[in-house]
K.L.:
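Please read through the structure below; I'll follow up with questions.
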Number of protein chains: 6
Amino acid sequence: MALVNRLLMTGAAGGIGKQIREGLRDFATHLRLSDIADLGVAGPGEELVDCDITDAEALRALVKGCDAILHFGGISTEDRADLIHRINIEGSYHLYEAARKEGARRILFASSNHVTGFHPRETRLTASSPIRPDSNYGVSKAYGEALARLYWDKYGVETLIVRIGSCFPEPKDRRMMATWMSAGDMLRLIERMLAAPRLGCPIVYGVSDNDESWWDNSEAAYLGWRPKDSSRQFAGMFDHLPPENPTDPAVVWQGGGFAKAGHFDD
Amino acid sequence: MALVNRLLMTGAAGGIGKQIREGLRDFATHLRLSDIADLGVAGPGEELVDCDITDAEALRALVKGCDAILHFGGISTEDRADLIHRINIEGSYHLYEAARKEGARRILFASSNHVTGFHPRETRLTASSPIRPDSNYGVSKAYGEALARLYWDKYGVETLIVRIGSCFPEPKDRRMMATWMSAGDMLRLIERMLAAPRLGCPIVYGVSDNDESWWDNSEAAYLGWRPKDSSRQFAGMFDHLPPENPTDPAVVWQGGGFAKAGHFDD
Amino acid sequence: MALVNRLLMTGAAGGIGKQIREGLRDFATHLRLSDIADLGVAGPGEELVDCDITDAEALRALVKGCDAILHFGGISTEDRADLIHRINIEGSYHLYEAARKEGARRILFASSNHVTGFHPRETRLTASSPIRPDSNYGVSKAYGEALARLYWDKYGVETLIVRIGSCFPEPKDRRMMATWMSAGDMLRLIERMLAAPRLGCPIVYGVSDNDESWWDNSEAAYLGWRPKDSSRQFAGMFDHLPPENPTDPAVVWQGGGFAKAGHFDD
Amino acid sequence: MALVNRLLMTGAAGGIGKQIREGLRDFATHLRLSDIADLGVAGPGEELVDCDITDAEALRALVKGCDAILHFGGISTEDRADLIHRINIEGSYHLYEAARKEGARRILFASSNHVTGFHPRETRLTASSPIRPDSNYGVSKAYGEALARLYWDKYGVETLIVRIGSCFPEPKDRRMMATWMSAGDMLRLIERMLAAPRLGCPIVYGVSDNDESWWDNSEAAYLGWRPKDSSRQFAGMFDHLPPENPTDPAVVWQGGGFAKAGHFDD
Amino acid sequence: MALVNRLLMTGAAGGIGKQIREGLRDFATHLRLSDIADLGVAGPGEELVDCDITDAEALRALVKGCDAILHFGGISTEDRADLIHRINIEGSYHLYEAARKEGARRILFASSNHVTGFHPRETRLTASSPIRPDSNYGVSKAYGEALARLYWDKYGVETLIVRIGSCFPEPKDRRMMATWMSAGDMLRLIERMLAAPRLGCPIVYGVSDNDESWWDNSEAAYLGWRPKDSSRQFAGMFDHLPPENPTDPAVVWQGGGFAKAGHFDD
Amino acid sequence: MALVNRLLMTGAAGGIGKQIREGLRDFATHLRLSDIADLGVAGPGEELVDCDITDAEALRALVKGCDAILHFGGISTEDRADLIHRINIEGSYHLYEAARKEGARRILFASSNHVTGFHPRETRLTASSPIRPDSNYGVSKAYGEALARLYWDKYGVETLIVRIGSCFPEPKDRRMMATWMSAGDMLRLIERMLAAPRLGCPIVYGVSDNDESWWDNSEAAYLGWRPKDSSRQFAGMFDHLPPENPTDPAVVWQGGGFAKAGHFDD
């Protein structure tokens with residue numbers, strides 16, 4: 001049975017969008033998908049909208065009539081600062097304004113583990129751990145999380161903040177054995193977000209039940225989400241590689257290569 | 001093999017008493033059952049006693065010869081203040097006095113999640129979370145918990161304080177998907193209480209291994225109790241109902257309807 | 001300038017009442033004083049009322065027209081359990097009901113350090129430390145604290161819970177060097193309670209700025225209360241006594257003699 | 001003796017800039033002051049620069065040759081979202097880039113208590129408390145704090161993040177009795193920032209030693225800053241006003257009127 | 001595939017050494033085993049060395065060429081203080097010096113739950129709980145843990161500190177139902193230690209997934225170790241014994257008989 | 001008035017011993033002073049003993065008849081490992097054995113801030129912070145602290161563990177502005193140790209009330225010790241020196257030069 005009438009996903013042509021698009025159909029009567037990239041052909045119940053999230057007017061029209069929003073749109077890696085500002089910061093602001101004005105009451109904000117990427121791997125993080133962004137990208141996600149909290153405290157718009165680890169079909173490197181999130185676990189998390197009697201504004205690390213684990217989601221156990229997949233199905237995948245150096249910044253910090261990299265615009 | 005010789009259960013004709021009565025037989029050679037309501041016919045090893053827990057003399061006679069006590073007697077919902085005071089507060093006091101004088105060293109005190117019902121659902125509680133009762137009933141259970149602790153610190157009487165969620169054959173509403181406790185898990189908890197080398201005076205939330213979870217019992221992991229049932233067997237049971245309003249006080253607060261209700265005596 | 005129009009103090013003929021009565025006159029236009037013991041002659045602005053706090057009707061009349069209440073009435077030491085139940089538990093309940101019905105919005109509840117008297121002296125306590133009563137008296141105060149919290153969460157009645165140390169003109173024994181509270185500091189605390197824009201329901205240990213200190217009131221720093229007196233003015237007062245035994249229960253536990261004592265009714 | 005050679009203050013014509021300008025002269029051989037508003041006549045050792053912080057080129061020239069920066073420039077209250085984004089967010093980014101490229105190693109970032117304004121007054125905050133902005137202005141300061149932390153973790157630029165309370169010559173309303181910061185205490189804090197052997201990237205609430213206190217700066221005690229002034233010199237200043245309503249959102253939340261206000265752009 | 005080229009185990013003829021020797025072969029191309037007791041016949045890939053760990057020179061030769069060290073050598077129970085000092089303290093120092101000088105970068109230090117044996121069973125411990133040794137043996141392990149940390153912070157030698165519970169083929173008494181660790185879980189832990197990209201210097205309680213649990217290893221979840229065995233396979237093994245006395249010091253304290261025992265040298 | 005009859009100070013010819021020797025006379029009827037260095041001429045009430053703390057027999061004779069011990073003897077800086085082991089580790093063990101056997105019930109153990117010297121300066125430490133020694137010397141003090149705790153938990157010997165900062169007549173470098181402890185504050189701490197009704201086994205950082213502060217002693221506030229001196233009397237003393245480099249290991253870590261130094265025996 002559908003959990004909501006009309007569900008919007010921004011960034012639907014992106015890496016995560018493609019993985020979960022089909023699975024989302026069970027959750028809503030109407031699934032509105034938007035992106036600036038090609039979305040292909042509309043499936044049953046799908047509405048495809050070409051929308052640039054930096055266009056406040058277009059965004060408001062996009063949001064109109066939607067009960068809930070999965071906001072995966074925007075830049076999902078380090079990039080030029082001016083683009084990060086325009087797309088991730090101003091874009092997120094326009095989205096929240098659209099939601100407030102159009103009465104969309106529940107949002108998934110696709111944040112990132114790079115909001116806390118400058119913590120050492122030995123430090124176990126919770127939703128209350130200090131912000132330690134590892135990139136301008138991470139800083140923009142810290143902005144979005146603060147914005148989401150404001151819209152909850154002041155306007156009653158609920159947000160599930162997901163600090164996504166690595167949501168790919170399979171881990172691409174050794175680090176992702178710890179950070180991998182399956183599409184199935186993402187879908188189950190979205191189901192809980194839509195079904196919860198009260199969502200509030202929790203912060204959840206988006207990660208499967210991997211053996212290596214840096215993050216503790218127990219503060220959000222009231223949502224009832226329990227990841228069912230695990231990177232242990234990929235055990236041994238990187239055993240042929242030479243051992244990593246424990247003092248390499250990409251190994252020291254949770255953010256991996258993001259923490260190690262220099263300034264993008266240099 | 002029996003864990004104790006004679007085990008007393010007060011309130012044996014109540015909702016929980018009926019569910020666990022049969023299962024208790026394995027734990028004790030003699031099972032003494034008391035209530036003011038009809039207890040039916042005595043089964044093998046059972047001793048049935050008609051006893052009013054507001055009668056200190058009768059209570060002392062009831063406790064005499066018992067090694068351990070499961071104190072489920074008293075009022076288990078909001079009610080008139082004068083009854084709450086007489087039955088839950090004075091009654092509990094008489095029970096602890098009887099235990100102290102008669103040498104019963106181990107007690108299960110049936111407390112309630114309503115001792116902390118005015119915490120929001122987003123707050124994960126432990127045994128150390130602040131008391132926030134949602135009713136006069138909840139306040140009376142806070143009294144009982146304080147009393148139990150005194151009898152442990154001063155007189156060495158051990159108590160397992162169980163803040164029971166919703167111990168019914170099945171959840172009765174959406175909220176109970178989070179608070180439900182099976183009779184089987186209650187019995188396994190009682191088994192651990194009776195078998196533990198050292199009980200002390202722990203506080204445990206009485207709840208099964210439900211997906212939605214508000215309470216963290218890890219402080220009492222030394223008891224070795226792991227719930228085996230889960231409300232997920234009832235998944236979808238309330239899907240036909242309209243979505244709940246996240247700002248309804250009965251949804252905001254853990255205590256649900258208890259927190260929302262006005263004053264009983266008005 | 002008066003902070004409230006009419007201020008009620010119950011237990012006004014008691015030890016603390018006598019010490020602060022005169023100082024309270026500055027805080028209110030009308031000072032209503034009640035007790036079952038003789039209150040002497042009414043001073044300027046004083047209204048004397050002979051009232052038994054176990055009489056709910058009389059209590060409601062007493063509270064009528066009062067803006068704030070200092071509830072010092074009741075038993076202030078260990079005593080017979082039946083008296084503790086009738087006076088401290090039922091009496092407190094009647095007082096809160098009177099306040100709720102008559103619209104008195106702010107209450108000082110005279111709780112006691114004996115609510116946490118079974119903590120060792122080496123343990124530094126805050127408002128969040130677990131309840132560990134050292135006596136039936138302490139248990140009755142735990143009841144009152146839980147009740148006060150309920151009336152704040154459900155009915156918006158604000159309470160300043162004061163876990164009073166030893167409020168006497170001077171320390172009476174070695175232990176009171178740590179627990180002493182001057183009448184002046186009590187008065188300053190009451191002034192802050194009456195003047196605070198928002199009181200809420202804080203727990204404050206009532207103790208002066210003594211060198212020896214077991215309690216940390218920083219959680220309530222928003223009240224703006226800073227004790228100005230200190231037991232160091234009595235330094236050396238007990239030096240002529242032989243050293244105390246560090247394993248004496250009255251020295252081990254914060255509750256002192258209350259923790260050491262056996263059961264009152266035995 | 002000067003602590004640094006050349007010290008830059010942005011926003012020098014603003015409210016705080018005017019109060020501390022004279023006092024800063026002792027800390028640096030050269031004091032560079034910038035604003036878009038009129039800075040008056042240069043005093044001894046002062047360099048006045050008309051600079052718009054949204055102009056990255058100009059900002060880099062401004063920063064060139066400076067050892068440390070006091071970044072008070074930008075919008076210091078709620079305002080239009082587009083201005084907040086351009087001035088506070090992009091402006092702060094340009095400033096940090098200028099510092100990184102020009103080798104200015106130590107920055108004071110003028111953050112605000114409005115970064116955490118949606119905490120209740122009863123909650124005592126530390127540098128580790130969760131972000132709860134009360135306005136778009138507060139969200140922009142959360143961005144700036146995250147940015148500062150990135151520049152410390154990745155590039156070694158040290159920042160003193162000051163969550164300023166109310167830095168005015170005297171409190172303007174009842175709430176400021178708790179949030180007031182004297183210019184003298186601000187100057188002493190800047191002195192410690194410049195003199196500290198190692199600054200790191202601490203978060204400090206900018207507030208004097210007021211009796212009413214919501215914030216605990218002990219995590220930053222390594223700086224050696226101890227405020228010396230207190231709003232108690234203004235005691236009674238607002239006693240002629242009627243009592244505040246404890247359930248008024250401007251009284252419930254630390255952010256006061258910022259938390260209560262609706263959306264600026266509506 | 002081997003995780004390291006040459007792996008050294010000291011104390012290889014001891015109780016744990018015997019249980020895991022065979023399993024270790026998979027982890028290393030060469031397995032060097034040392035002890036002062038008889039090591040039997042060398043298996044494939046094994047190198048047997050007769051070495052006294054109090055001999056610094058011999059120890060250095062032993063460590064030469066090894067990539068990682070499992071340091072199980074020394075005294076593993078309470079004993080004469082002079083032996084504890086010479087073997088466990090000076091011996092551990094020599095081992096760490098040998099590792100530093102010979103470039104062995106990763107060590108398992110066999111610490112013991114007796115480092116924290118004077119905590120009550122009701123207290124759930126983590127890696128951050130205070131040291132409370134229950135014996136001179138426990139004090140010597142506290143020394144070793146401090147030493148390991150120094151070698152990590154100063155010299156970059158990584159150590160897995162394992163506070164071993166009871167690593168025997170099966171539990172020997174009631175207490176070991178809580179403290180038992182299977183050889184298989186020890187081997188899996190060693191595998192994680194050798195495979196981890198970054199080990200650091202974590203403290204892990206060496207215990208299987210027993211129902212009764214006193215210890216929380218979640219701080220070290222980044223290692224990816226999840227015990228798979230449990231003492232519940234031995235359920236009922238001690239049911240024929242009389243109930244234990246909850247006030248017996250061997251039952252009160254986690255250290256059991258070690259905490260109860262008097263001084264060894266008396 | 002004397003607090004004890006006979007008080008022993010080991011290491012009395014050392015740096016701290018010389019500063020406090022005269023002040024100690026008020027605390028005891030007999031002051032026994034020991035060292036291997038010259039102690040000069042005995043003053044009134046003084047007993048001078050030439051004693052090597054590595055001689056267990058001599059140590060026992062030294063302790064005989066003493067009510068309390070100030071154990072300042074041993075090596076107080078980094079040194080050869082074999083000396084550290086023999087003097088600080090075995091020496092401390094012999095001292096505690098002597099105290100246990102001779103019935104000396106209260107000891108001051110001169111520990112050191114170098115037990116936690118590998119914490120960054122920005123980290124505020126308490127008695128519960130993890131051990132992070134910065135030297136073999138620091139490791140030996142960690143041993144002594146663990147030993148002291150054992151003797152309290154098992155044998156009831158009380159110890160005041162003082163992690164001394166820098167107890168010199170005046171700070172010798174910039175770092176000591178934060179770590180300086182006056183002789184007067186040391187004497188006042190010893191007075192509280194001798195006068196406390198119950199000492200237990202607290203850990204206290206030995207430091208005056210300096211503005212720069214890394215350590216929080218509030219857990220031991222029950223002792224009633226409040227330092228009265230401050231390094232602010234030496235303000236400006238090191239202003240003529242060039243600024244320190246915030247990334248110099250001697251500035252990053254609390255242990256200063258101890259943390260920066262290589263291995264002593266190399």
K.L.:
Report the relative orientation of the aromatic rings in Tyr155(E) and His263(F); use parallel for angles under 30°, tilted for 30 to 60°, perpendicular for over 60°.
P.N.:
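Judged by the thresholds at 30° and 60°, the geometry between Tyr155(E) and His263(F) is tilted.
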K.L.:
Under 3.5 Å, side chain of Lys154(E) to main-chain N/O of Pro133(F), donor-acceptor pair present?
P.N.:
no
K.L.:
Just give me the residue among Val115(E), Asp82(E), Asp134(E) that pairs up with chain F most often, heavy atom to heavy atom, under 4.5 Å.
P.N.:
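The residue among Val115(E), Asp82(E), Asp134(E) with the greatest pair count is Asp134(E).
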K.L.:
Looking only at heavy atoms and a cut-off of under 4.5 Å, which of Ser135(F), Ser129(F), Gly117(F) has the most pairs with chain E?
P.N.:
Ser135(F)
K.L.:
Just so I know, are the side chains of Ile131(E) and Arg149(F) near enough to count as touching, which here means a heavy-atom distance under 4.5 Å?
P.N.:
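Contact flag for Ile131(E)/Arg149(F) side chains = no.
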K.L.:
Report which part of Tyr151(E) has an atom under 4.5 Å of a heavy atom belonging to chain F: side chain, backbone, both, or neither.
P.N.:
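For Tyr151(E), the contact with chain F is made by the side chain alone.
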K.L.:
Go through the atoms of Ala127(E) and report whether side chain, backbone, both or neither lie under 4.5 Å from a heavy atom of chain F.
P.N.:
neither
K.L.:
Would you give the length of the straight line joining atom OH of Tyr93(E) to atom CG of Asp265(F), rounded to the nearest 0.5 angstrom?
P.N.:
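These two atoms lie 4.5 Å from each other.
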K.L.:
Please identify, among Trp253(E), Phe118(E), Tyr143(E), Trp152(E), the residue contributing the most non-hydrogen atom pairs under 4.5 Å to chain F.
P.N.:
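Answer, by heavy-atom pair count under 4.5 Å with chain F: Phe118(E).
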K.L.:
Answer whether the closest heavy-atom distance between the side chains of Leu150(F) and Asn136(E) falls below 4.5 Å.
P.N.:
yes
K.L.:
Hey, which of Glu145(F), Glu90(F), Arg100(F) has the most heavy atom pairs under 4.5 Å with chain E?
P.N.:
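Highest number of heavy-atom pairs under 4.5 Å: Arg100(F).
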